[in-house]
Amino acid sequence: MLDRDGAQLFSGLINELSRKSLEEIVSGRPRKAGVRLFDDPRLAGWIARQSPLAQLAYALLGEKAQPVRAILFDKTPASNWALGWHQDRTIAVRERADMDGFDNWTIKAGTMHVEPPFARLEAMITMRVHLDDVGMDNGPLLVALGSHQVGRIEEDAIAGEVAARATLACLARAGDVWIYKTAVLHASEASHRPYSRRVLQIDFSADELPGDLEWAGIG
């Protein structure tokens, strides 16, 4: 399903004990659209080789798979938001090092980001670990099925691409993990009935970056 559709649900992958441990790690973070988690050894330890999350990454990407970026999302009555249809285009790196094919440098939440050759994004996966239930009324992730197979989609072609495809709402229970191909078209509506909707989103890659470029990583 992941290769065909670009997204797949792994129900109950994170048990209650592991989920509670993750909740302790992310507690106290600002509750807003996206909080980038960087240099957190506790989080890096949680995503360890023995965890089901890491084992799944190895199964999908090979033994060189590593977490390269983590973002915490939470929709609440005080912080409700929507995100239009788009492809993820940037990666997080330790510092700027100019390389051919790496363009559009930006700093997001104090972390350097760059747009790499799109093939590198096509080789990545993104995992979404759900700490709370997500229903249709609370702004679930939406995915345009199969859109990861058509390469980089120009902005003015995105609406047509979405209209031509079936879309999937990624509903979840606490402890579920959705995986999507990082290159897939996705979106999220604002919550119609906001309640806590904490999702830890982790990008994985098995690629090494060229030259002096280094992944920002997790810990």
Side-chain angles (χ1 to χ4, degrees), residues 1-16 18-19 22-23 26 29 31-37 52-53 56-57 59-60 69-90 121-122 124-204:
M1 181 183 291
L2 182 62
D3 286 339
R4 181 194 66 198
D5 296 334
Q8 184 173 350
L9 173 64
F10 291 81
S11 299
L13 186 68
I14 307 301
N15 64 34
E16 185 176 1
S18 185
R19 179 166 53 85
L22 180 59
E23 288 178 348
V26 302
R29 308 277 184 173
R31 303 182 72 179
K32 58 182 184 179
V35 178
R36 286 163 174 79
L37 308 181
L53 210 66
L56 187 53
L60 293 171
R69 178 171 60 180
I71 306 175
L72 180 66
F73 296 99
D74 192 6
K75 289 183 181 178
T76 69
S79 178
N80 196 5
W81 41 274
L83 191 62
W85 287 100
H86 68 286
Q87 289 176 307
D88 290 339
R89 296 280 176 83
T90 63
L121 293 166
E122 290 177 308
M124 294 170 62
I125 58 172
T126 298
M127 297 193 188
R128 290 171 60 86
V129 182
H130 288 267
L131 296 175
D132 303 295
D133 296 348
V134 178
M136 283 301 299
D137 59 352
N138 202 23
L141 184 76
L142 306 173
V143 171
L145 297 179
S147 57
H148 63 296
Q149 299 174 347
V150 297
R152 190 180 190 280
I153 303 169
E154 297 301 327
E155 293 296 325
D156 60 0
I158 287 177
E161 194 68 43
V162 172
R165 297 180 177 278
T167 59
L168 171 70
C170 297
L171 309 183
R173 296 286 188 182
D176 289 352
V177 175
W178 273 97
I179 299 182
Y180 69 83
K181 294 283 191 176
T182 304
V184 80
L185 281 169
H186 56 284
S188 180
E189 297 178 351
S191 177
H192 300 297
R193 188 169 65 87
Y195 50 89
S196 189
R197 195 220 69 167
R198 296 167 298 168
V199 178
L200 177 64
Q201 181 170 297
I202 310 164
D203 293 335
F204 285 84

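Bear in mind that the values here come from a model prediction, so they are computed numbers and not experimental data.
The distance from atom CZ of Arg152 to atom CD of Glu122, rounded to the nearest 0.5 Å, is 11.0 Å. One distance of note links CE of Met124 with CG of Asp203; it measures 4.5 Å at 0.5 Å rounding. Asp133 CG to Leu171 CG: the interatomic distance, rounded to the nearest 0.5 Å, is 10.5 Å. Separation of atoms CZ (Arg197) and CG (Leu131) is listed at 11.0 Å; rounding is to 0.5 Å. For the atom pair CG (Leu53) and CD1 (Ile179), the distance works out to 7.5 Å, reported to the nearest 0.5 Å. Atom CG of Leu13 is separated from atom CE of Met127 by 8.0 Å, given to the nearest 0.5 angstrom.
Looking at heavy atoms from C-beta onward, Leu141 lies out of side-chain contact with Trp178 at the 4.5 angstrom threshold. For the pair His148 and Gln87, the minimum side-chain heavy-atom distance is 4.5 Å or more. Side-chain contact between Val129 and Leu22 is present, with heavy atoms from C-beta onward closer than 4.5 Å. Using a 4.5 Å cut-off on side-chain heavy atoms (C-beta onward), Leu9 and His130 make no contact.
Looking at Ser188, its side chain never comes within 3.5 Å of a backbone N or O of Leu83 through a donor-acceptor pair. Judged by distance alone, with hydrogens and angles left aside, the side-chain atoms of Arg165 form a donor-acceptor pair with the main-chain N or O of Leu145 at under 3.5 Å. Between the Asp132 side chain and the Ala174 main chain, no donor and acceptor come within less than 3.5 Å of each other.
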For this session: Would you please test Trp85 and Ile153 for side-chain contact (heavy atoms from CB on, under 4.5 Å) and show each step?
Result: CA-CA 11 Å; Trp85 287 100; Ile153 303 169; over 6 Å; no

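Scanning all heavy atoms of the two residues, the minimum distance from Cys170 to Pro140 falls at O-CB, 3.9 Å.
In terms of the side-chain contact (heavy atoms from CB on, under 4.5 Å) criterion, residue partners of Asp88 (sequence neighbours excluded) are, by chain and number, His86, Tyr180, Thr182, His186.
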Going by atom type alone, with no hydrogens or angles, which donor-acceptor pairs under 3.5 Å involve a side-chain atom of residues 1-8 and a protein atom two or more places apart or on another chain?
from : atom 1 : to     : atom 2 : distance (Å)
Asp3 : OD1    : Lys181 : NZ     : 3.3
Gln8 : OE1    : Leu2   : N      : 3.3

